[in-house]
Trainee: 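Attaching a single structure in structure tokens format; questions to follow.
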Amino acid sequence: MHAAAQAVDRPSPPQSARRRIGVLALQGDFREHLSALRSLGAEGVAIRREAELDGIDGLIIPGGESTTMGKIAAELGLLAPLRGAIDAGLPTYGTCAGMIMLADQIRDAVPGQQNIGGLDVIVRRNAFGSQLESFQEDLIVDGIEGSVPAVFIRAPVVEEFGADVTVLARLSDDRVVAVRQGNIIAMAFHPEISGDLRLHEAFLEVVNSISVEA
């Protein structure tokens, strides 16, 4: 049911935007993220093995099924390398299930659920109920001009967060749905299926800023 992110007429991206971004491609919306990156002039790389983490400038953990994604990542021995890369400062962007994968603690997790961690938040999995309760809300996201169409499908919410975490967006009922901690950005919704590329663009700006600092 997911529609791919739509390319829009844009000027050629600056050379600085042509970064190599890994997208965890075990399950979920990785194709939509790869399409969004291509539309912005970045090189998207599907990540299924540890060796494929070499040489990437940033990492995206897509929306999908966090339990399935965690199980496959564990079976492939990817959890520790992913955590190591993130701890080392690799800019990382998680959407929906990606936010759950990055959270240090998960409420309503299934027994034995495995994730990457690294983001000092407690998220509640499936905070809005089943897929039938999916909805869209226009959000104000810090750093983005105008509102952003945010699609929520069995999405998590951030219920607690540490002192180093900045809130980027809240729902109209004040629940936290987008955060940043250093080089890690996480959103409870699916920018990869809305056709609005501004959030991917903002992540590439984070990647570029890190590259410049390095």
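Start at 1 with the first residue, then count along the sequence. Here the structure is a predicted model, which is why all the values come from computation and not from measurement.
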Trainee: E201 side chain to L40 main-chain N or O, any donor-acceptor pair under 3.5 Å?
Mentor: no

Trainee: If every non-hydrogen atom of G89 is compared with every non-hydrogen atom of N183, which pair is closest and at what distance?
Mentor: O-ND2, 2.7 Å

Trainee: Search all heavy atoms of L119 against all heavy atoms of A186 and return the closest pair with its distance.
Mentor: CD2-CB, 3.6 Å

Trainee: Same cluster or not: V176 versus V141, using hydrophobic residues (I, L, V, M, F, W, Y) connected whenever any side-chain heavy atoms lie under 4.5 Å apart?
Mentor: no

Trainee: Taking all non-hydrogen atoms of both residues into account, name the closest pair between A155 and C96 and its distance.
Mentor: CA-SG, 4.0 Å

Trainee: Does any donor atom in the side chain of H33 or T95 lie under 3.5 Å from an acceptor atom in the other side chain?
Mentor: yes

Trainee: Distance check, rounded to the nearest 0.5 Å: E160 atom CD versus D104 atom CG?
Mentor: 12.0 Å

Trainee: Is there a path of hydrophobic side-chain contacts, each under 4.5 Å between heavy atoms of I, L, V, M, F, W or Y residues, that connects F135 with F189?
Mentor: yes

Trainee: Let me see the working for V23 and L37 under side-chain contact (heavy atoms from CB on, under 4.5 Å), right down to the final yes or no.
Mentor: CA-CA 10 Å; V23 180; L37 291 169; 3.7 Å; yes

Trainee: Mind running side chain to side chain donor-acceptor pair (under 3.5 Å) on E137 and S172 for me, showing each step along the way?
Mentor: CA-CA 9 Å; E137 182 168 323; S172 55; 3.3 Å; yes

Trainee: Measure the OG-CG distance between S39 and L197 for me, rounded to the nearest 0.5 Å.
Mentor: 5.5 Å

Trainee: Okay, side chain of S209, backbone of V206: is any donor-acceptor separation there less than 3.5 Å?
Mentor: yes

Trainee: Indicate yes or no: at least one non-hydrogen side-chain atom of L199 is less than 4.5 angstrom from one of M187.
Mentor: yes

Trainee: Please round to the nearest 0.5 Å and tell me the distance separating atom CG of L82 and atom CG of N115.
Mentor: 11.0 Å

Trainee: Taking side chain as C-beta onward, heavy atoms only, is Q114 less than 4.5 Å from T67?
Mentor: no

Trainee: Taking all non-hydrogen atoms of both residues into account, name the closest pair between L139 and A169 and its distance.
Mentor: CD1-CB, 4.4 Å

Trainee: Hey, are the side chains of V207 and I21 touching, using non-hydrogen atoms and a 4.5 Å cut-off?
Mentor: yes

Trainee: Quick check on the hydrophobic clustering: are I72 and V45 connected, directly or via other members, by side-chain heavy-atom contacts under 4.5 Å?
Mentor: yes

Trainee: Would you say I144 and L204 are hydrophobically clustered, going by side-chain heavy atoms of ILVMFWY under 4.5 Å?
Mentor: yes

Trainee: Charged N to carboxylate O below 4.0 Å: is that the case for E52 and R49?
Mentor: yes

Trainee: Membership question, hydrophobic clusters at under 4.5 Å side-chain separation (ILVMFWY): are V151 and V179 in the same one?
Mentor: no

Trainee: Flag the pair R154 and E65 as a salt bridge only when some basic side-chain nitrogen lies within less than 4.0 angstrom of an acidic carboxylate oxygen.
Mentor: yes

Trainee: Are side-chain heavy atoms of L24 and M69 found at a separation under 4.5 Å?
Mentor: yes

Trainee: Is the closest basic N to carboxylate O distance between D57 and R20 below 4.0 Å?
Mentor: no

Trainee: Report yes if some heavy atom in the side chain of L168 is under 4.5 Å from a heavy atom in the side chain of V177; otherwise report no.
Mentor: no

Trainee: Quick check: do I61 and I116 have side-chain heavy atoms less than 4.5 Å from each other?
Mentor: yes

Trainee: Is any side-chain heavy atom of Y93 less than 4.5 Å from a side-chain heavy atom of H200?
Mentor: yes

Trainee: Is there side-chain contact between I184 and L102, with heavy atoms separated by less than 4.5 Å?
Mentor: yes

Trainee: Calculate, to the nearest 0.5 Å, the distance between atoms CG and CZ belonging to D142 and R170 respectively.
Mentor: 11.5 Å

Trainee: Which heavy atom of Q136 sits nearest to which heavy atom of P149, and what is that distance?
Mentor: NE2-CB, 3.4 Å

Trainee: Apply salt bridge (Lys or Arg N to Asp or Glu O under 4.0 Å) to residues D108 and R125 and explain how you reach the verdict.
Mentor: CA-CA 6 Å; D108 288 341; R125 181 173 160 269; over 6 Å; no

Trainee: What's the shortest heavy-atom distance between P156 and A127, and which atoms?
Mentor: C-CB, 4.1 Å

Trainee: Checking I60 against F203 for the side-chain contact (heavy atoms from CB on, under 4.5 Å) test, could you report, in this order, the C-alpha distance in whole Å, the side-chain angles of both residues, the deciding distance, and whether it holds?
Mentor: CA-CA 9 Å; I60 293 178; F203 175 61; 4.0 Å; yes

Trainee: Measure the spacing between CG of L90 and CG of L53 and express it to the nearest 0.5 Å.
Mentor: 8.0 Å

Trainee: Regarding S66 and Q113, do their side chains bring together a donor and an acceptor under 3.5 Å, going by distance alone?
Mentor: yes

Trainee: Run the side-chain contact (heavy atoms from CB on, under 4.5 Å) test on M99 and V123 for me, step by step, so that the C-alpha distance in whole Å, both residues' side-chain angles and the decisive distance to 0.1 Å come before the verdict.
Mentor: CA-CA 8 Å; M99 170 184 268; V123 301; 4.0 Å; yes

Trainee: Surrounding CZ of R48 (heavy atoms of other residues, nucleotides or ligands, distance under 6.0 Å), is the total greater than 12?
Mentor: yes

Trainee: Is the closest basic N to carboxylate O distance between E205 and R19 below 4.0 Å?
Mentor: no

Trainee: Would H190 and F152 satisfy ring pair (Phe, Tyr, Trp, His ring centres under 6.0 Å), going step by step from the backbone distance to the final call?
Mentor: CA-CA 7 Å; H190 291 266; F152 292 83; 8.6 Å; no

Trainee: For L26 and T68: C-alpha separation, side-chain torsions, deciding distance, then whether side-chain contact (heavy atoms from CB on, under 4.5 Å) applies.
Mentor: CA-CA 9 Å; L26 306 180; T68 303; over 6 Å; no

Trainee: How far does CE of M101 sit from OG1 of T92, to the nearest 0.5 angstrom?
Mentor: 11.5 Å

